[in-house]
Protein chains: 2
Amino acid sequence: MDHVLSEDRRALKHVQVREYVRSLVSDGVPGTPAPSERELVAKFGVARMTVRQAMDALVIEGLLERVPGRGTFVARPRRTVSTVLSFSEDMTRRGMAPESHTLLARREQAGPGVARALDILEGDAVIHWRRLRRADGEPMSLQDTYLPELHLPGFLEPGGMPPSLYEELAQRRLRPTWVEDSYSSDVANAAEAALLEIEQGAPVLRRQRRGVAGEKVIEVSRSIYRGDRYNLHVQLGQAD
Amino acid sequence: MDHVLSEDRRALKHVQVREYVRSLVSDGVPGTPAPSERELVAKFGVARMTVRQAMDALVIEGLLERVPGRGTFVARPRRTVSTVLSFSEDMTRRGMAPESHTLLARREQAGPGVARALDILEGDAVIHWRRLRRADGEPMSLQDTYLPELHLPGFLEPGGMPPSLYEELAQRRLRPTWVEDSYSSDVANAAEAALLEIEQGAPVLRRQRRGVAGEKVIEVSRSIYRGDRYNLHVQLGQAD
DNA sequence: TAGTGGTCTAGACCACGAA
DNA sequence: TCGTGGTCTAGACCACTAA
């Protein structure tokens, strides 16, 4: 008998089969055949339903594709749609080096607009964080972020803000998994122009973001991007 | 025995169970319990694996949620992400009445840029369609759309363009199911300003779109939106 | 303790595709 | 004809939740 299954009784069989197939197939060219279900039954000494459970997961994931009567094959990668990115991730994808300079970081009382957007009460404590974001050393964006202090105890304390907002939120399992962004085209005012090192009246892209983690609104922000340096890229799929 | 299963032998059992549960549950409040798996086994006289196959589909769909040890319940609707919209659909969602005025509609030879974007050869025939789009009677956008004539025989002929591009493409089963958009903030030049009835130098949002249906690039377009009238709204989800 | 979903078995018959 | 995935059965034991 093949000693393929881990001795660790805690490892579920369908998970072991799934990960075995994934390792076989993850760097495969689309169209490459995966082992047949009955092959895996023989190899692992499990029931066919167990193998199917393992393969089902990979099919749902988009890694495999079943063709009745022929077999199971590596699927062509699905076209991806845009996901939630932090500024740092966005710049890194563009091949630029992100930087962050804190201009302001303090506790404030939520005004009516921020309170409504954050789904908290007017006057509740919020963390207001204003940053100048650079890419490859040059100003790219100005961001005003508001966070509900209630859900982020100790965020403001330890002598400084975290190096990365989204990574800090991720560690607290509060990174936004869903955002609602609104973009508009406008021109820079004098103060913005000075910080971004552009001319007053130069075109900028303004973004308002509401970021949601689970059921909680965890971030509200207003950002300005230099129109001469920043293009917004979005990939959208279709509704079902 | 319950005569719940259809007499129609062609109807698969797991499909019948699935649709039965869906009908019970589709207009239910989140948290409402679905029948237990063993209840459905008894009611339909099928194996539990068959019931689980039916429920799996509804769980994947996001309609149901399993809670081990407790039961299966109507899930709260997932937050939706942005999908591909036509100008008309976009305006309608905003509660405005869309209009379209064709400024130009003719066959052209693809230039290098359009050819590359459409994944065709330079010099291949393309349909170039230029439209002024109004919302509630006022100019909103200027759109230059390029379509590969190869995939759209007879598109230009019948004495006029179709009233709606995306509906015409949908009828040919060529409506884009995936798009790649690039937005930038800029200012209007003299010609654009005249058509959009704004001042030269006023802020505008420029969009470049590549629309893909199946494996074919079916649309390439450049659009200008008035910055004083148009905000882009996007909802994004997370990567897995 | 009773009921739930999660996992798993060891078979079976079917329609379909390729040789 | 043979191998494939699709469907289906009639059980089983487990961990967990709620009463």
Side-chain angles (χ1 to χ4, degrees), chain A residues 1-2 4-22 24-25 28 30-75, chain B residues 1-2 4-22 24-25 28 30-75:
Chain A
M1 187 208 276
D2 272 294
V4 176
L5 289 184
S6 161
E7 295 302 321
D8 188 348
R9 292 290 172 87
R10 289 166 304 184
L12 300 176
K13 293 185 180 179
H14 76 265
V15 173
Q16 294 183 50
V17 175
R18 191 221 306 149
E19 295 311 316
Y20 170 77
V21 175
R22 190 204 302 284
L24 276 185
V25 130
T32 309
S36 78
E37 295 176 358
R38 287 165 180 83
E39 264 181 75
L40 291 166
V41 165
K43 181 171 191 68
F44 284 90
V46 298
R48 186 156 160 241
M49 285 307 299
T50 305
V51 168
R52 282 184 66 77
Q53 187 179 3
M55 305 289 267
D56 278 344
L58 297 173
V59 168
I60 290 165
E61 207 177 289
L63 185 61
L64 297 181
E65 196 176 14
R66 290 202 235 252
V67 184
R70 296 226 305 127
T72 305
F73 305 88
V74 178
Chain B
M1 189 207 274
D2 272 294
V4 176
L5 290 184
S6 161
E7 296 305 319
D8 187 347
R9 292 290 173 87
R10 289 166 302 183
L12 301 176
K13 293 185 181 181
H14 75 268
V15 173
Q16 294 183 49
V17 175
R18 192 219 308 146
E19 295 311 316
Y20 169 75
V21 175
R22 191 205 299 284
L24 275 186
V25 131
T32 307
S36 79
E37 295 175 357
R38 288 165 179 84
E39 264 181 75
L40 292 165
V41 166
K43 179 171 191 70
F44 284 90
V46 298
R48 190 160 156 236
M49 286 305 301
T50 306
V51 168
R52 282 184 66 77
Q53 188 178 3
M55 305 290 266
D56 278 345
L58 297 174
V59 169
I60 291 165
E61 206 176 289
L63 185 62
L64 296 182
E65 196 177 13
R66 287 194 171 109
V67 184
R70 297 224 306 124
T72 304
F73 305 88
V74 178

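Chain identifiers are assigned alphabetically (A, B, ...) following the order of the sequence lines, protein sequences preceding nucleic acid strands; residue numbering begins at 1 within each chain.
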To the nearest angstrom, the CZ-C1' distance between F73(B) and dT4(C) comes to 9 Å
Sequence neighbours excluded, which residues qualify as side chain to side chain contact (heavy atoms under 4.5 Å, CB included) partners of [X]?
X: E65(B); result: A75(B)
X: L24(B); result: Y20(B), P35(B)
X: R38(A); result: S36(A), R48(A)
X: R70(A); result: V67(A), F73(A)

B/S/- along nucleotides 6-14 of chain D (protein heavy atoms under 4.0 Å) is BBBBB-B--
Across all chains, not counting sequence neighbours, the side-chain hydrogen bond (donor to acceptor under 3.5 Å, both in side chains) partners of E19(A) are R22(A)
### Query
Is the phosphate of dG3(D), meaning OP1 or OP2, less than 4.0 Å from a side-chain N or O of S36(A)?
no
